[in-house]
Amino acid sequence: MAAFPTVQDLAAAKTDAVMALWKGLGYYSRARNLHKTAQIIAEERAGQLPQNAADWATLPGIGPYTAAAISSICFDEAVPVVDGNVQRVVSRLFDIEDAVDRKKGKAAVETACLALIDARDPGKSNQAWMELGALVCAPRSPRCSECPVAEGCLARQRGTVSDRPVKQPKKAPQAVDVVFAVHLQTGAEGAQQWWVERRPESGIWSQLEAFPCTMDMRPKGAEKAPDTASESPERFGPVAHILTHRKMTAWFEVVASPAPPCDGGRWVDVKEGTANWPRLIDKVLPALRDWIGKK
DNA sequence: AACACGGGGCC
DNA sequence: GGCCCAGTGTT
């Protein structure tokens, strides 16, 4: 607000300036979308803000939650603001058995919310329900004795508070075997170097650098690495690494074949050289250097 | 519907 | 130190 007090200021700002202020907050696409939205409002809408939730939701970065929050708080529109807190409060109040992150359960929460909005001040009402979830109707150890609506809470009457909200069971991360090919050479100055390639634009580790690698999904249910992939004098590993949806097991194999010359690849000093590594590689680098040194 | 984004809170 | 959280956009 200090740097860009008006929509016009934000619209006129350089992307770098916006990103610099956002630094450290995460979710950088939000800053880009905010900037884009300011430009749309300033340049295509003559500086006029949308006046209702449906119109707000057409702008980049504004989804149902933000559209409802802005419209109810700023324009007194009686639309429910459904965030994680409200999902919890409402699913307990009405003891909703459907998963709140599925269509049916979402709709049930939304419908119940409509009955909860105080039309005298929709913005305050929405903020109150969110705050109730944040401070009283906590995920664990909710303070039911301090809750102003405990009397009418169905989950409390039925003893299902700790079972609400129901969420769709998330599927187990898939097991993946990764074999990195470590090509080595002795550089012009006599330093040992390894071959590093830029990752593709999309998919895992995009924008980063890594050793060339193959990735094999393990058959469903297979937890242990197949014997053929297990430890051998030729490869360093196994290295376990967990991502949001993948459970990786990695090996690093020094290969005899010459490094594949390609655009976006380069030789990096094993000792000093740095690259934009994925965390998986970053964390094993010291041990990997050690292992190569002993070979 | 599944997944990525990136920090912070919590155990 | 690892696990989970939660809106939005993309696939």
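In what follows, chains carry the letters A, B, and so on, assigned in the order in which the sequence lines appear, proteins first and then strands, with residues in each chain numbered from 1.
Of the listed nucleotides (dA1(B), dA2(B), dT8(C)), dA2(B) has the atom at the smallest distance from the side chain of Gln168(A). For Tyr28(A), whose side chain is taken as the heavy atoms from C-beta onward, the closest listed nucleotide among dT8(C), dG7(B), dC5(B) is dG7(B).
Atom pair Tyr27(A):OH and dA4(B):P shows a separation of 12 Å (rounding to whole Å applied). For Asn85(A) and dC4(C), the CG to P distance is 19 Å, given to the nearest whole Å. For Lys36(A) and dT10(C), the NZ to P distance is 7 Å, given to the nearest whole Å. Put simply, CZ on Arg102(A) is 11 Å from C1' on dA2(B), counting in whole angstrom units. Between Leu25(A) atom CG and dG9(B) atom C1' the separation is 16 Å, expressed in whole Å. Look at CD1 on Ile62(A): it is 13 Å from C1' on dG9(C), rounded to the nearest Å. Rounded to whole Å, the distance from CG on Asp101(A) to C1' on dC5(C) is 12 Å. In this structure, Arg30(A) atom CZ and dG9(C) atom P are separated by 10 Å, rounded to whole Å.
Among the protein residues, Leu59(A) comes within range of the sugar-phosphate backbone only, with heavy atoms under 4.0 Å from sugar or phosphate atoms but none that close to a base. Among the protein residues, Lys167(A) comes within range of the sugar-phosphate backbone only, with heavy atoms under 4.0 Å from sugar or phosphate atoms but none that close to a base. Here Pro139(A) lies out of heavy-atom contact (under 4.0 Å) with every strand.
Each of Arg140(A) and Arg32(A) was assigned the nucleotide of DNA chain B with the nearest heavy atom; the assignment lying further toward the 5' end belongs to Arg32(A).
Taking the centre of each ring, Trp194(A) and Trp267(A) stay at or above the 6.0 Å mark.
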Inset, instruction - Report the C-alpha separation of Asp269(A) and Lys271(A) in whole Å, then their side-chain angles, then the decisive distance to 0.1 Å, and conclude whether the salt bridge (charged side-chain N to carboxylate O under 4.0 Å, His left out) test is met. - result: CA-CA 5 Å; Asp269(A) 285 0; Lys271(A) 266 200 179 134; over 6 Å; no

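When the side-chain nitrogen and oxygen atoms of Ser29(A) are compared with OP1 and OP2 of dT8(C), none of them lie within a distance under 4.0 Å.
Phe180(A) and Phe211(A) have perpendicular rings, their planes meeting at more than 60° on a 0 to 90° scale where under 30° would count as parallel.
There is a side-chain donor-acceptor pair under 3.5 Å between Arg88(A) and Asn85(A).
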Report all side-chain donor-acceptor pairs from residues 140-158 of chain A shorter than 3.5 Å, counting only partners two or more places apart or in another chain.
from	atom 1	to	atom 2	distance (Å)
Gln157(A)	NE2	Glu151(A)	O	3.2
Arg158(A)	NH1	Asp95(A)	OD2	2.9

